[in-house]
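Here the structure comes first, spelled out in structure tokens, and everything after it is commentary.
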Amino acid sequence: MTPTGRSPQSPPLDTAARQRVVRVVPDVRGLARAFDYLVPPALDADVRVGTVVRIVLHGRRVRGWVVADDVEPPPGVTLRPLAKVTGWGPTPEEVALTEWAAWRWAGPRSSLLAAATPERAVPSVPVTTRPRSPSPPTAATTTTGLAVADVVRAAAAHPVSTVRVPPAVDPLAVVEPLCHTGPVVVVAPTHEVAAGLGVRLRRGGVPVAVLPRGWPDARAGGVSVVGARLAAWAPCPEAAAIVVLDEHDEAHQEERTPTWHARDVAVERARRAGVPCVLVSPMPSLEAGQMGPVHVLARRVERSGWPIVDVVDQRSEDPTKGLLGERLVAAVRDGRRVVCVVNRTGRARLVACVGCGRVGECERCGAAVVQPGEGVLECRRCGTTRPVVCLHCHRTRFKLLRRGVSRLREELEVLAGEPVVEITASTDAAQASSRVVVGTEAALHRVERADVVAFLDFDQELLAPRYRAATEALTLLVRAGRVVGGRGSPGAGRVLVQTRLPQHEAISAAVLGDPTRLDDVERERRAMLGFPPAKVLAEISGPSAETYTERLAEAALDGVELLGPADGRWLLRAPTHTVLCDALAAVPRPPGRLRVAVDPLRV
DNA sequence: CGGACAAGCTGA
DNA sequence: CAGCTTGTCCGG
């Protein structure tokens with residue numbers, strides 16, 4: 001490591017006897033404390049705020065992070081020396097940001113420090129020899145590219161703003177203009193998008209480090225940094241802006257607690273650094289809309305970047321045809337590349353006996369059974385399985401009332417007269433080779449290009465019992481739009497939506513290429529029901545949730561409401577994050593397992 | 001989190 | 001009462 005560890009402003013050591021003491025957060029789950037350690041003189045130059053170290057704690061050697069330098073240890077404790085310097089970690093600014101994030105998502109600081117730390121130890125960081133000035137922008141701009149660049153530059157004049165670009169716009173057109181003003185942190189929704197962007201930026205003359213491999217280069221400074229949500233925590237010492245691509249995408253939120261969101265981390269980080277934060281999305285979240293102005297393209301340009309959407313009203317379709325409507329059948333028979341999407345795995349999610357007509361039930365708990373595969377019935381509530389036999393008349397044949405991907409695959413294969421591949425989250429990633437594929441929404445991530453994307457039962461998405469259902473439904477249409485291309489692009493395909501709710505705002509938004517169609521309704525709906533962003537939520541669950549929520553209720557904090565329990569889960573609701581997070585920080589947690597998820601998505 | 005140590009349970 | 005499980009405490 002380079003010997004730049006201590007700042008010249010450190011207080012002078014008056015005597016040789018007084019040794020440097022640093023505060024270390026150990027990487028130990030369930031231990032929300034920091035401990036002080038002596039810095040052995042041999043390690044002096046390598047230790048600074050953010051350094052990853054090994055410490056001996058309670059007889060164990062564990063990883064930890066230096067979070068404060070030259071601290072005054074509490075009286076009466078015997079300090080141990082740091083055992084080892086593992087390598088480089090987050091910058092002091094990011095270390096400070098983890099403290100804020102620990103409050104904001106009510107979680108342990110160590111998880112957030114881990115997010116800001118490279119996967120593999122980085123013992124040394126390359127010396128920067130790169131020219132600071134990036135190359136001038138290339139002349140390659142399409143008609144939409146030009147418009148996008150203008151809007152992006154306008155957006156960068158605000159501390160936080162949103163740029164609304166339709167699904168078919170290449171993120172490169174958004175990111176590149178900013179990269180020519182200095183190093184930029186780019187947070188992409190997936191590693192694939194990040195990697196693709198990295199390659200093309202580099203080709204365009206932009207020095208860029210792609211995470212996670214490029215972490216040492218990013219730490220060295222002077223380059224743009226591209227990565228998935230972890231990029232929100234990536235070092236970029238001289239960042240001129242932070243960009244979050246597909247800001248609406250749920251992939252930006254960590255699923256495990258603390259459930260930090262890359263968008264919110266990016267916004268706070270940019271605010272602290274005094275640089276602009278640009279949020280980019282075809283359908284900006286309502287949260288983003290509250291953070292700053294939303295910049296849009298010309299209406300005609302925006303619309304041309306949304307796909308052609310064919311809405312099939314299932315109320316006037318032949319009911320005997322089931323989920324394979326006339327338009328879909330025609331597309332499959334025409335030899336087009338078709339992706340069929342139904343978010344139901346297995347053969348069927350609801351079956352009825354052909355003899356007595358009764359719905360298949362669980363013999364143990366009475367819940368409706370599903371048919372995960374041929375010859376098995378399974379109860380999703382208690383896990384009991386049995387062969388395909390009716391409990392009442394003992395027949396062994398059932399009608400498949402709510403068909404799943406596996407059964408539809410068979411039916412489509414007959415229809416297509418050629419192999420049809422099934423794609424779900426649990427199927428092999430490689431195979432998407434057949435002309436016709438059927439799958440859950442995972443298929444939209446695995447197939448790069450198709451002529452038709454068909455949603456066989458879109459109402460399942462629109463009517464899902466979650467407050468974000470309508471928004472999530474539109475995100476599927478955005479993804480489909482990318483697979484078939486925008487209506488304005490050559491060779492554009494079509495999105496087929498089978499529904500009994502053809503007037504639904506999520507569908508109109510896609511049909512018209514105008515996401516505000518949904519926003520306006522959704523904002524009002526959520527305000528009426530007290531859901532985000534009108535109010536903010538935290539979900540509390542786990543064996544110790546009851547004790548903790550009792551304490552929260554006892555504390556009777558102003559503006560804080562406790563809802564539940566439902567399924568062993570409580571919801572804490574407050575008007576703002578300040579109120580919510582202060583409440584969670586103020587009430588001491590009981591021992592035992594407790595999950596606190598701030599801003600839960602699945603409610 | 002996980003080790004240390006104490007208190008509680010069981011069986012010869 | 002050894003030998004084991006279960007609970008509580010605490011870390012620099």
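Protein chains get the first letters and strands the later ones, always in sequence-line order, with residue 1 at the start of each.
- A/Glu94 has a carboxylate O that lies under 4.0 Å from a charged side-chain N of A/Arg269, or vice versa, which qualifies the two as a salt bridge.
- For residues 563-589 of chain A, the set of pairs meeting the side-chain hydrogen bond (donor to acceptor under 3.5 Å, both in side chains) definition, not counting sequence neighbours, comprises A/Trp103-A/Asp582, A/Arg104-A/His577, A/Glu539-A/Arg569, A/Glu561-A/Arg573, A/His577-A/Asp599.
- Scored by the side-chain hydrogen bond (donor to acceptor under 3.5 Å, both in side chains) test, A/His445 finds A/Arg479 as partners (sequence neighbours excluded).
- Counting only residues at least two apart or in different chains, side-chain hydrogen bond (donor to acceptor under 3.5 Å, both in side chains) contacts with residues 540-558 of chain A are absent.
- Contacts of A/Arg80 with the nucleic acid, taken as non-hydrogen atoms under 4.0 Å apart, involve only primed sugar atoms and P, OP1 or OP2.
- Looking at heavy-atom distances under 4.0 Å, A/Pro26 makes no contact with the nucleic acid at all.
- Think of the region where chain A sits on DNA chain C: with heavy atoms and a 4.0 Å cut, that region ends 5' and 3' at C/dC10 to C/dG12.
- Atom CZ in A/Arg33 sits roughly 15 Å away from atom C1' in B/dG2 (whole-Å rounding).
- In this structure, CZ of A/Arg60 is placed 12 Å from C1' of B/dA4, rounded to the nearest angstrom.
- The separation between A/His58 atom NE2 and B/dA4 atom C1' is 6 Å, rounded to whole Å.
- The stretch residues 72-84 of chain A participates, sequence neighbours left out, in no side-chain hydrogen bond (donor to acceptor under 3.5 Å, both in side chains) pair at all.
- Within 4.0 Å of A/Arg23, counting heavy atoms only, lies no atom of the nucleic acid at all.
- In this structure A/Arg109 satisfies the salt bridge (Lys or Arg N to Asp or Glu O under 4.0 Å) test with no other residue, sequence neighbours excluded.
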